[in-house]
Protein chains: 2
Amino acid sequence: MIGIDDVARAVGVSPATVSRALSGRGPVSEATRQQVLEAARELGYVVSSNASGLASGRTRAVGVIVPFLNRWFYAQVLEAAQNALLAAGYDLTLYNLGGGVDTRRSVFEQFLFRQRVDGLIAISLEVTTEEVRRLHEIGKPIVCVGGPIPGLRTLSIDDIEISRIATDHLTALGHRRIAHIAGGGGGYDFHLPLNRRVGYELALRNAGIEPDPGLVEPADFTIAGGHAVAARFLADPERRPTAIFAASDEMAIGAILAAREIGLRVPEDLSVVGIDDHELAPFFGLTTVAQYPGNQGARAVELLLSELGRDAAPSEDGEGNEPLGFDLVIRSTTAAPPA
Amino acid sequence: MIGIDDVARAVGVSPATVSRALSGRGPVSEATRQQVLEAARELGYVVSSNASGLASGRTRAVGVIVPFLNRWFYAQVLEAAQNALLAAGYDLTLYNLGGGVDTRRSVFEQFLFRQRVDGLIAISLEVTTEEVRRLHEIGKPIVCVGGPIPGLRTLSIDDIEISRIATDHLTALGHRRIAHIAGGGGGYDFHLPLNRRVGYELALRNAGIEPDPGLVEPADFTIAGGHAVAARFLADPERRPTAIFAASDEMAIGAILAAREIGLRVPEDLSVVGIDDHELAPFFGLTTVAQYPGNQGARAVELLLSELGRDAAPSEDGEGNEPLGFDLVIRSTTAAPPA
DNA sequence: AGCGGAGTTGCAAGCGCTTCCAGTTCGGAC
DNA sequence: GTCCGAACTGGAAGCGCTTGCAACTCCGCT
C-alpha cells in the first residue's frame with residue numbers, strides 16, 4: 001500500500017507538507033501544492049481514512065439512520081443525502097433500524113459510539129427517551145429530517161399545513177363528505193399522522209364542516225393498506241364520501257384501485273388526494289402535495305456539513321427547526337363532486 | 001472519550017489484555033475476560049474503529065455498492081445485507097452509484113481506496129472493464145450479487161431458467177401467443193434482460209412455438225414502463241396475446257393495470273406472470289417467480305465474512321459462482337387462455 | 001528438587017497520518 | 001544594512017489501538 005511518505009519522497013518534501021497540501025489545512029505554497037497533487041494522482045495515493053481519522057479526529061464519514069429502506073420516501077432522502085455526501089468527499093455509513101429490536105439496540109449502544117462518523121442524520125425516526133439520551137451522549141452534530149427529536153436540530157415539513165392545503169383543495173371543489181386515510185402504526189414517528197389529521201380537521205372546520213370520526217381510519221402507509229381502508233369507506237353507497245384524502249400517495253393509490261374495483265370513476269365519482277408526489281403519482285394522475293424528499297436529504301447534509309465545517313460543538317440551538325417547502329400538484333384525480 | 005487504558009486500569013491489567021479480551025484474539029483467562037467485559041460495559045467503553053483499524057488493518061466495515069436505491073429489489077438486498085452485517089458487528093458503508101458520472105468515478109477512484117472497508121458487496125452492477133480493474137486493485141474480497149463481474153465471485157440467479165419456468169407455466173396452461181416485456185436500459189447489468197429473453201424463447205420452442213419478435217418489447221422495469229408496453233401489445237384485438245410474461249413484477253403490474261383499463265379481465269382474458277415476488281405481488285394476486293432478494297443479501301454477507309474470517313487473500317477462484325433458489329408462485333393472474 | 005512446557009500477561013513497537021512548534025527564508029520597513 | 005514579520009517547511013510527538021516477543025507462573029514429570 002502506498003503511503004504519504006512515498007508521495008513526500010517523490011516530491012522531495014516532508015510528509016507534513018504533503019498532508020497540508022492534500023487536506024488544505026495550513027499554508028502551502030502554490031507550487032508545492034501542485035507538485036503534491038500531481039504526484040499523488042500519479043502514484044494513485046489515497047489517504048487512509050483510519051490513520052487520518054485517528055490523528056485528526058475527523059473521519060469524513062456521516063452516519064445516516066433510517067427506520068426503513070424499502071419505502072419511497074426514505075429511499076429518496078437517503079439517495080439525495082448520499083449524493084450530497086459523496087460530492088463533499090464524505091462516506092455514508094448506513095444504519096437501518098428495521099432489523100428488529102436487537103439490531104436497533106446494538107446500533108444505539110455500540111455502533112454509534114465507534115467514532116466512525118463525524119455526524120449523524122436521522123430520518124423520520126421515532127425514538128425513545130433513552131435513545132435520545134444516547135444520541136446526545138455521542139457528542140456529535142445531528143440533523144433530523146422529519147421526526148422532530150427533542151433537543152435536536154430538525155428539518156421538518158409543516159404536516160398540519162400540508163394536510164390543510166390538500167383538504168382545502170377538496171372543499172374548494174365543493175366536497176363536503178371527505179374521508180381521511182390517516183397514517184399510523186409501526187415504527188413511524190407518531191407526530192406525523194397526528195398532525196396530518198389535525199390539518200385535515202382544521203380545513204374541514206374552516207369550510208364549516210364538522211369532522212366525522214367515522215370518516216377517518218388509519219392504514220400503514222402502503223398501497224394495500226390504503227386499498228383496504230378505502231374499500232371500507234366506499235362499501236356503503238349511502239354513506240360513501242365523495243372524496244378521500246390519504247396521508248400518503250401510496251395509500252391514495254390504493255384508494256384509487258379500490259374505487260376502480262367497484263366501478264367508481266375517479267375523479268367523476270370520487271376525488272382522491274395524497275401527499276408525497278411519489279414516483280407513481282404522475283402515472284395515476286394523482287393530485288397530491290409534493291414534499292420533495294430529495295431536497296430534504298440534500299438540505300440535511302448541507303446543514304450538517306456546515307456545522308462540521310465550523311468545527312462546532314454540537315449545536316445547542318436545537319430549537320432552530322427549519323420548515324421545508326411543499327406544493328399542491330393538481331392532476332386528474334380531483335374534480336367537483338357528483339351532482 | 002473513554003479509552004482502552006481506562007478499562008485496563010479499572011480491571012488492573014494491561015491494555016494489551018483488554019484488547020485481547022474484547023477482540024477474542026489471543027489467550028486470556030476466563031476470569032480476566034469476564035472482568036474486562038464487565039468493566040467495559042460498565043464504563044460504556046466502545047473501541048475506536050479508527051485506532052483499531054489502523055493498528056490491525058481490519059475495520060469491521062463492509063462497503064455495499066448499488067446502482068439504485070429506490071428499486072424494490074436493491075432495497076431488499078441491501079436491507080438484508082445490513083441486518084446480517086450489524087448482527088456480525090460490521091458497519092455498512094453505502095455507495096450508491098445513481099448520482100451521475102462524477103460521483104461514480106470518484107467512488108471508483110477515491111472512496112473505495114480509503115481503506116475504510118474490509119470487503120465489498122456489489123449488487124447487480126454493470127461495470128466497465130476499467131472499473132473491474134479498479135475493483136481488483138483494491139485487493140479486498142468482493143462478492144457480487146446478480147451482475148456477474150468477470151473474475152469476481154458472484155451469487156446469481158439462473159435467469160434463463162427462472163424465465164423458462166415462468167413461460168412454461170403459461171404454455172402448460174395452453175397459451176400460444178405469449179408476449180414478453182423484456183428488461184432493458186439504464187444502468188442495469190445487461191446480461192439479465194438478455195438471459196430472461198433467452199429463457200422465454202427456450203420455453204416457447206420447447207412447447208413447439210416459434211418466438212415472434214413482434215411480441216417482445218423492452219421496458220425500464222417500472223410500473224409505468226410495463227403499462228406502456230402492455231398497452232401497445234393489447235391495443236389490437238386481432239393480434240392480442242393471451243398472456244404476458246414480464247421480466248419483473250413491477251412491469252407485470254403495469255400490464256395488469258393496462259389490461260384493466262381497456263376492460264380486459266385478468267386472468268380470464270389475459271394471463272400475466274412476473275418475476276420477483278415484489279411486495280405488491282400478493283395485493284395484485286400476481287403469479288410470479290420469487291427470487292428472494294433478502295436471502296441473496298444475507299448469503300452475500302455470509303460468503304464475504306467467511307472469506308474475511310479466514311484472513312484470506314481475495315479469493316482467486318472467482319469462477320466458483322453460486323446459483324440461488326427461486327420458486328414459481330402461482331396466484332390468480334394466470335389461467336387457461338380464453339376459449 | 002529441577003526442568004520443560006502450556007497458559008497468561010505485560011512491554012513496547014508500530015499502524016499512517018496530523019499538527020504543534022520551531023526553524024528557515026524572504027521581502028519590505030526603517 | 002539591519003530587523004521584523006509573514007509565509008512556508010520540517011521534526012517529532014502523538015492519535016488509541018493491536019500484536020510479536022519475552023517474561024512469568026504454575027503444573028506435572030523425571
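Only a predicted model underlies this, so the values are computations on that prediction, with no experimental measurement involved. Just so it is clear, the values below take in all heavy atoms, side chains as well, and ignore hydrogens, waters and symmetry mates.
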* Quick one: pull up CD in B/Glu307 and CD1 in B/Ile142 and give me the separation to the nearest 0.5 Å. => 10.0 Å
* Structure fact -> Here the gap from B/Arg58 atom CZ to B/Asp118 atom CG, rounded to the nearest 0.5 Å, amounts to 8.0 Å
* **Between D/dC17 (C1') and B/Leu22 (CG): distance, integer Å** => 11 Å
* For B/Tyr90, is the NZ or CZ atom of B/Arg60 found under 6.0 angstrom from the centre of its six-membered ring and inside 45 degrees of the ring axis? -> yes
* To do: Examine B/Arg71 relative to B/Phe73 and say whether NZ or CZ is less than 6.0 Å from the centre of the six-membered ring and inside a 45° cone about the ring axis.
  => no
* Partner of A/Ile65 under side chain to side chain contact (heavy atoms under 4.5 Å, CB included), chosen from A/Asn96, A/Leu112, A/Ile121 -> A/Leu112
* Structure fact -> Expected string for nucleotides 12-22 of chain C under the B/S/- scheme (protein heavy atoms, under 4.0 Å, primed atoms plus P, OP1, OP2 as sugar-phosphate) is --BBBBSBB--
